[in-house]
Each structure stands twice: as structure tokens, then as C-alpha cells.
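Have a look at the structure below, then the notes.
Below, chains carry the letters A, B, ... as their sequence lines are ordered, and counting in each starts from 1.
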2 protein chains.
Amino acid sequence: MTLKAQFDHTNCAECPIRHRAVCAHCEKDELEELESIKYYRSFEAGQTVIWSGDPMNFVGSVVSGIASLTQTMEDGRTQMVGLLLPSDFVGRPGRENAPYDVVATTDLVMCCFRKKPFEELMVTTPHIAQRLLQMTLDELDAAREWMLVLGRKTAREKIASLLSIIARRDASLHSSGTVGPIVFDLPLTREAMADYLGLTLETVSRQISALKKDKVILLESKRHVTIPDMGRLMEEAGDDSDGGFLV
Amino acid sequence: MTLKAQFDHTNCAECPIRHRAVCAHCEKDELEELESIKYYRSFEAGQTVIWSGDPMNFVGSVVSGIASLTQTMEDGRTQMVGLLLPSDFVGRPGRENAPYDVVATTDLVMCCFRKKPFEELMVTTPHIAQRLLQMTLDELDAAREWMLVLGRKTAREKIASLLSIIARRDASLHSSGTVGPIVFDLPLTREAMADYLGLTLETVSRQISALKKDKVILLESKRHVTIPDMGRLMEEAGDDSDGGFLV
DNA sequence: CGTGCGATTGAGTGTTATCAAGGTGTGTGG
DNA sequence: CCACACACCTTGATAACACTCAATCGCACG
């Protein structure tokens, strides 16, 4: 609620995701149109944003925090199919019902647009559709990367892959140095990591312990990770050890 | 080569994928522009269309046959990350190098456009960009469905899932009856199925034998499959037994 | 008739899941 | 302030499922 107030009257020009979100390519006048139909919503960690199957009357962008897209089978097995970071887009123009659960993994602020007006804007504003196409293609690439992880990597490689992705993302935001240790906080519980990687939480825990024992990672606390050697981590992930940093 | 000739002078209006491909929404004049930059290419089963990492100077649509998108790790483990059926699009506007291997699984005919002119058309022709967005969103949904299969399903469920997808696609093309047995030919080798499902070919073979023994499927030959009861197959796949047919 | 590819089947192994117990840290109420 | 509850995490013992290695089969093709 306090977070909501914090953003309620924010001008798009000052938005932290202004240049990465679906509105990134918009001109000033286009932005004003978007601004007139936008509103902010906040969620606490653990809250469900949308239930699979429910009607979706909005689309929107993650402004801050992390959300996850998950699929659940009848017997309770769950698989995360998307990790939504700031600037990522939620919802599909033209779709009536949500195909996945959307859950706030951390406290979350979203910039929402009512679906109908947004769909109309899509037609009149090519910049929005163009940007959405780019973003969707990027998400498709990420999904295909994860298919390799899910289908072919060992538990240890899966953990190393996830850590290297989070580390890479964090490095692209905060630090600037290309070399040297990388430090970050895990935004996911062991269970969420397991759901992302197609493992059990016990296996996640064991493999993290193993990577720690082998000095691939250092743990100050259960969530606070230091990567002394990024190349080593990427070897463990089964990726090309070099070349990758800017992929 | 003979296939190539067969399509070389085909008018778009008579094209079998005219209403499903990236050109689906195009008006007559837009189609003429596309027609002026298109050319057909044919590949034999097993041929590689594009190697991962190679520069891509074209994009295009699958006209007939099946192609696969695969990722390969340094040690040879491979994961299929896309199954390209007629009307599916290959390539990403704006991208220089291919991120995956594209391999012809069967004999294949593609309708190609040189990348540069196609990218220019994308800007001037919203119908193309709109359709490409739709198709990309559909592919993303399919990829996420596969993430559940890869991450959480058993070998038996994986096989049943793949069979039900192929059966569903075939049913949507050929037959009309909603009930009754479904018959089709598998377009994939056991090895290709394994690469798709994150299994070994031996496990694929064993599970197919098991499904056959349990009368979930009937096999006239190794590739010719009959599904006596689609609901039963979908139960085996771990999906909701009903509701699914039009998903 | 031999060759080769795709597929099947078997035996043994190993990675990961399952079941179970216990540990750590944080917030809340007595 | 302490004790308790709870969520999150770790670790151990055991078992199951899928992988590996290996032999064989069937079929198409030269």
C-alpha cells in the first residue's frame, strides 16, 4: 500500500523501466496516451497476481520486484515457466483468460493498463507493437535456453545455470567491472528454484551445498551469494566458459 | 530439387500456407511486395538448413515438411527447442546469427525472404509485424507447455504428451470427427523424439512399447500409430482429460 | 546376400526423488 | 526478554526411475 502510493502519481518520464519496458520506443505523445490509461498495483511477496484460468482485464509491466509464471498439474506438481523481472510484460493482447498463475515472488509493483484500451492503442501505435514483438522474441529465446537446462542438464549444472543467470542480470544492473567477484542476494527460495529447474527442493539444497564445498560459490547466509570466479561457474553450468557475458 | 521446381513459380494466392503463415493478414498489394522478394528452397530429410552461429541472410516460412530447432552442448548433449511445421516462421528480424541449428526432419520446402528487404517491409507493413507477433506469442505458449513436460513429467507422460500433440495437430488438419480412433504417422525418429523430450532413445523405445502393451496406442509399424481413445492418452499425458481438444 | 540404419530389449548402474528428522533464523505473544 | 511457532533450509537413508552399455532384430537398399 505504501509502495502503491509511492508510484501513484509518477510521471512516465521518471519511470525506472521507461527505456526497457513495452513503452520504450514511444514518443512523447504516445506516452501521454499510455499514461492516461495506466494505474499502479502493488502486491506483497507470496500474493497471487492472477490465477490460471481467470479472466484477465489488464496487461502490464513489472516496475519493481519479481514475479513468477507457474503451471500446476492436477496432482500438484508445479513448473515455473517464466521469471518476470522489472520491465517484463505480463499478459497477452487478445487473450481472455490467464494461462498461468502469476505470483509475486518478492514485493511487487506493476504498471497496469486496462486491456481493451491497450489493445486499441496497439493498433494505432506501431511503436508499442514493435517493442512487444522484440520483447516476446527475447522471452522465446530465454524459454528455449531453459528447455536445454530442463531437458539435458544435471542437477548441479541446473543450479550453476540459474546462479549464472541471476549473477549476469545483477552485474548488468549494478557493478561495472568485467572481472572480480560478483555478489548478490538470491531472490528465490529453494522451493522456487526447484520449481524453476524441475528439481526437488532437497536436491537444490544438496547441490548448493556441494557447489559451496567446492568453492564455486561462497555463502555468507543462505541467500547471500558470492561468485569468486564467473568463468568457473559457467564451466559448471555446462556453457561455453567464455563469450557468454554479453549474450 | 524436384520439389523446388514444383514451387518455384507458385503464386502466393495458391500457397497452402497462405492463411496461416506470416503473410496471413496481408492484403493483395502487400502480398505482391512479399512475392517480389521471395524464393523457394528445398532440403532433403536430414539436411541442415542453418548451423548455429552462422550468419542468417534470410528468414522464411516452412511450406511443407518438418524442421527442428536444436541446441547442442559442447559434449554432444542435444535438446530440441522447436518443432517447425508448415506455416511456422524461421529467423528473427534484426538478428545477425542463428542461435540454433535448423535441421530438416523430413523433406522440406521453405519460402524464404532475404532478410534486409523483409525487415524493411516489416516497418512499412504492420500486417506482417502483427501476424509475426501473434505467431511468436503462440510459440512462446508452446515453449512454456514444453517446459512443464521437460521439467515435471515422467518418461511415460512425456511420450504420451508428444503423441497427443502430434495427434491433435493431425486431427486439426485431416479428420473432422470429434470422436473415434485417430491414425497418423510419426514424423520423428526415436532419437528425435528423445531429443525433444529430454530422454534417451532407449527410454523412448521402452515407453512406446509399454504404451502399446497397455493398449493406449496401437502400432501397425514402427511409425504408424493408432490412438483408439484420445481421452485415455491425455490421461496418460497427465493433462486434463477433457477440455483440451481445442487448446 | 551383406550392409547399415533405426529400433528393441536386457542387465546393471547411478542420479535424483522420496521419506524422515533435525537445524536455523525470525517474528510474535506471554 | 524468553519461549514458542513457523517458514525455510539442511542432511541422511532408501528406493525408483531413467541412463549406460551391449546385444540383437528387422527392414530397406545396394
Residues which pass side-chain contact (heavy atoms from CB on, under 4.5 Å) with A:Ala67, listed by chain and number, not counting sequence neighbours: A:Leu84, A:Val102, A:Leu108

Counterpart residues, side-chain contact (heavy atoms from CB on, under 4.5 Å), relative to B:Ser87 (two or more places apart): B:Ile17, B:Arg20, B:Ala21

To the nearest Å, how far apart are [X] [atom1] and [N] [atom2]?
| X | N | atom1 | atom2 | answer |
| --- | --- | --- | --- | --- |
| B:Leu211 | C:dT8 | CG | P | 12 Å |
| A:Glu220 | C:dT24 | CD | P | 18 Å |
| B:Leu201 | C:dG6 | CG | C1' | 9 Å |
| B:Arg77 | C:dT15 | CZ | P | 13 Å |
| B:Arg223 | C:dC5 | CZ | C1' | 11 Å |

Kindly write out the residues that satisfy side chain to side chain donor-acceptor pair (under 3.5 Å) with [X], not counting sequence neighbours, or none if the list is empty.
| X | value |
| --- | --- |
| A:Thr203 | A:Thr200 |
| A:Arg77 | A:Asp75, B:Glu157 |
| A:Asp185 | A:His224 |
| B:Asp214 | B:Arg156 |

Distance test, side-chain N/O of A:Ser209 to OP1/OP2 of D:dT11, below 4.0 Å: yes

Contact pattern, 5' to 3', of nucleotides 12-27 of chain D - B, S or - by protein heavy atom under 4.0 Å: BB----SSBBB-----

Side-chain (A:Gln79) to main-chain (A:Tyr196) donor-acceptor, under 3.5 angstrom: yes

ring-ring contact (aromatic ring centres under 6.0 Å, His included) involving A:Phe89 - partner list, sequence neighbours excluded: A:Phe118

DNA chain D contacts among residues 183-195 of chain B, heavy-atom distance under 4.0 Å: none

